[in-house]
Amino acid sequence: MRLLRADQDQFEFELGRNEKNRFIHLLKLYPLVPTTHHRLSKTDEIPNREENQQLLEAALRHQREKHRQQVEAWLNDPHRFVAAGKSYRFEMTRGQIEWLLQVVNDIRVGSWIALGSPEVLEASIQQLNEQTAPHFMAMELAGYFESFFLEAISGERVPDYDPVVLGETIEFPNPELADADGLVAVGGDLSVERLLAAYRQGIFPWSVNPITWWSPDPRGIIELDGFHVSESLAKVIRKQPFEVTIDKAFQQVMQGCALPGPKRRDTWITPEFIDAYTKLHQSGHAHSVECWQDGELVGGVYGVAIGGLFAGESMFRRVDNASKVALYHLVQHLRERRFVLFDVQMVTPATLPLGAMTISRREYLKRLAEAVEKECLF
């Protein structure tokens, strides 16, 4: 069992196939193990001791029944465990782990009671038989999971994630199985076919040595009807200081994005990326919007178009407002062509004032599935 992600209130775990089966079997034992008894006191010094004892037992029965229903609902969720190769992954909130810990603790203590409440376990192990061995195994298994979950929510256990290594086949793992930073896989290549497959699944590359594939959560987007034009930007647009073109200088735009600029010392856009996305452009799936001034390219933006999706990759400027104007015209063009999803991957200080916002990866993937099925021509 591994802890893959540990956010403030969200945890992700991975189980092997056999571990998953043992975990499910353990939880199904919950209604069968003996109930733990709690006594208020062995003396008569507490007023109304018997009455209060009855109230305590009734409360414990109510809690146990509530836990039984929670366990049943949790196990019956068809989306609880997500297959990931030869293993399975599942997510839990802190609150879910806390009640699950109570359940597992009840199973452990109940199994100990079924063994006769031995004070020395070593002695009872030597006396195990066909009737008592299952109780001992349940107690040990419950203790294992109890310790693991306690370490997870206490911060004692550090998340552990091994990204999927891609082979020659053009396949990607489920992006919802990415690690806490959004890393989905490593390896593969930057062929047109693989890039298109990645974007259709909400995945994009971010480095070349090695090639890494990402799907961040949350995801940055700009709603096409929510692009914010400030008063100062509106004045610039009205003055029309730039000649704006589409797909006139795609590779030059990428090269401009690759150069250091204001507030950007370096970039992830390497020659390998420029070569790969130029081929994507030549195949009709990558596009650019350019801003020119006195015949010189002074700003632009580029990205990938599939169906009704446009995935913005990067933008640059050599004079003030050139990238903003390019982005404005890109948004207008996407609206005219009835695109429905403008992905900007992550919200940055440059895109936030323009209306960039975040949505959950799950919501993004839902909208993406609908967008890529639309027939939109850039």
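FYI, the numbering just counts along the sequence from 1. This one's a predicted model, so the numbers in the text were calculated from it and none came from an experiment.
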Distance-minimising heavy-atom pair for [X] and [Y]:
| X | Y | answer |
| --- | --- | --- |
| I107 | L27 | CD1-CA, 4.3 Å |
| L3 | F148 | N-CZ, 3.6 Å |
| V340 | R367 | O-NH2, 3.8 Å |
| R22 | L141 | O-CD2, 3.7 Å |
| A322 | G299 | CB-CA, 3.9 Å |
| R317 | D320 | NH1-OD1, 3.3 Å |

Is there a path of hydrophobic side-chain contacts, each under 4.5 Å between heavy atoms of I, L, V, M, F, W or Y residues, that connects [X] with [Y]?
| X | Y | result |
| --- | --- | --- |
| W268 | V184 | yes |
| W214 | L177 | no |
| Y144 | L15 | yes |
| L352 | I222 | no |
| V244 | V236 | yes |

Tell me yes or no: between the side chains of [X] and [Y], is some donor less than 3.5 Å from an acceptor?
| X | Y | answer |
| --- | --- | --- |
| Q96 | Q70 | no |
| Q69 | E65 | yes |
| E290 | S288 | yes |

Review item, side-chain donor-acceptor pairs of residues 201-210, under 3.5 Å, at least two apart:
| unit_1 | atom_1 | unit_2 | atom_2 | d |
| --- | --- | --- | --- | --- |
| S207 | OG | P210 | O | 2.7 |
| S207 | OG | T212 | OG1 | 2.7 |

Check: [Y] and [X] side chains under 4.5 Å, non-hydrogen atoms:
| X | Y | answer |
| --- | --- | --- |
| F13 | I97 | yes |
| L195 | V192 | no |
| W112 | P118 | yes |
| V186 | P163 | yes |
| P175 | L365 | yes |
| F145 | L150 | no |
| P78 | R80 | no |
| F81 | F23 | yes |

Q: Apply side-chain contact (heavy atoms from CB on, under 4.5 Å) to the pair Q102 and Q63, showing each step before the final yes or no.
A: CA-CA 10 Å; Q102 295 180 48; Q63 181 189 55; 3.2 Å; yes
Q | SB check R5 E91 (cutoff 4.0 Å) | A | yes
Verify, without hydrogens or angle tests, whether [X] (side chain) and [Y] (backbone) share a donor-acceptor contact under 3.5 angstrom.
| X | Y | result |
| --- | --- | --- |
| D217 | S360 | no |
| T278 | I274 | yes |
| E296 | Q293 | no |
| N321 | K324 | no |
| N105 | L101 | no |
| R108 | M139 | no |
| D343 | Q345 | yes |

Separation between [atom1] of [X] and [atom2] of [Y], rounded to the nearest 0.5 Å:
| X | Y | atom1 | atom2 | value |
| --- | --- | --- | --- | --- |
| L224 | R338 | CG | CZ | 12.5 Å |
| Q252 | M254 | CD | CE | 13.0 Å |
| F342 | L334 | CZ | CG | 6.0 Å |
| L330 | M315 | CG | CE | 10.5 Å |
| S191 | I170 | OG | CD1 | 4.5 Å |
| I153 | L100 | CD1 | CG | 10.0 Å |

Q.
Does anything in residues 172-198 form a ring-ring contact (aromatic ring centres under 6.0 Å, His included)? List the pairs, not counting sequence neighbours.
A.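 Sorted result for residues 172-198: F172-W213.
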Q | Of all pairs that satisfy ring-ring contact (aromatic ring centres under 6.0 Å, His included), the ones with a partner from residues 354-378, not counting sequence neighbours | A |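 Of all non-adjacent pairs touching residues 354-378, those that pass ring-ring contact (aromatic ring centres under 6.0 Å, His included) are H287-F378, F310-F378, H333-F378.
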Other residues, nucleotides, ligands: >12 heavy atoms within 6.0 Å of [X] [atom1]:
| X | atom1 | answer |
| --- | --- | --- |
| M1 | CE | yes |
| E375 | CD | no |
| E168 | CD | no |
| R68 | CZ | yes |

Q) Which class fits the ring pair H281 and F250: parallel under 30°, tilted 30 to 60°, perpendicular over 60°? A) parallel
Q. In terms of ring plane angle, is the pair W74 and W99 parallel, tilted or perpendicular, where the classes change at 30° and 60°?
A.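 Perpendicular, since the angle between the ring planes exceeds 60°.
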Q: Please assess V82 against F90 for the test side-chain contact (heavy atoms from CB on, under 4.5 Å), listing each intermediate value before the final yes or no.
A: CA-CA 6 Å; V82 179; F90 66 98; over 6 Å; no
Q. Under the salt bridge (Lys or Arg N to Asp or Glu O under 4.0 Å) test, which residues partner D189, sequence neighbours left out?
A. R194
Q: For this output row, return yes or no: ring centroids of F242 and W292 closer than 6.0 angstrom.
A: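 No.
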Q: Please list, chain by chain and in numerical order, all residues satisfying side-chain contact (heavy atoms from CB on, under 4.5 Å) with K235, sequence neighbours excluded.
A: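 For K235 the side-chain contact (heavy atoms from CB on, under 4.5 Å) partners, ignoring immediate neighbours, are E231, R238.
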(Q) Among E14, E151, E19, exactly one meets salt bridge (charged side-chain N to carboxylate O under 4.0 Å, His left out) together with R2. Which residue is that? (A)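 Considering E14, E151, E19, a salt bridge (charged side-chain N to carboxylate O under 4.0 Å, His left out) with R2 is found only for E14.
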Q: Take Y277 and V253, measure what side-chain contact (heavy atoms from CB on, under 4.5 Å) needs, and give me the verdict at the end.
A: CA-CA 11 Å; Y277 281 77; V253 170; over 6 Å; no
**Q.** Counterpart residues, side-chain hydrogen bond (donor to acceptor under 3.5 Å, both in side chains), relative to R362 (two or more places apart)
**A.**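 Partners of R362 under the side-chain hydrogen bond (donor to acceptor under 3.5 Å, both in side chains) test: E176.
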Q. Considering the options L233, V229, V344, which one meets the side-chain contact (heavy atoms from CB on, under 4.5 Å) requirement together with L354?
A.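 It is L233; the other options fail the test.
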(Q) Determine whether L280 and V304 satisfy the following criterion, side-chain contact (heavy atoms from CB on, under 4.5 Å), listing intermediate values before the conclusion. (A) CA-CA 8 Å; L280 200 60; V304 177; 3.7 Å; yes
Q: May I ask you to check if K374 and F339 form a cation-pi contact, with NZ or CZ under 6.0 angstrom from the six-membered ring centre and within 45° of the axis?
A: no
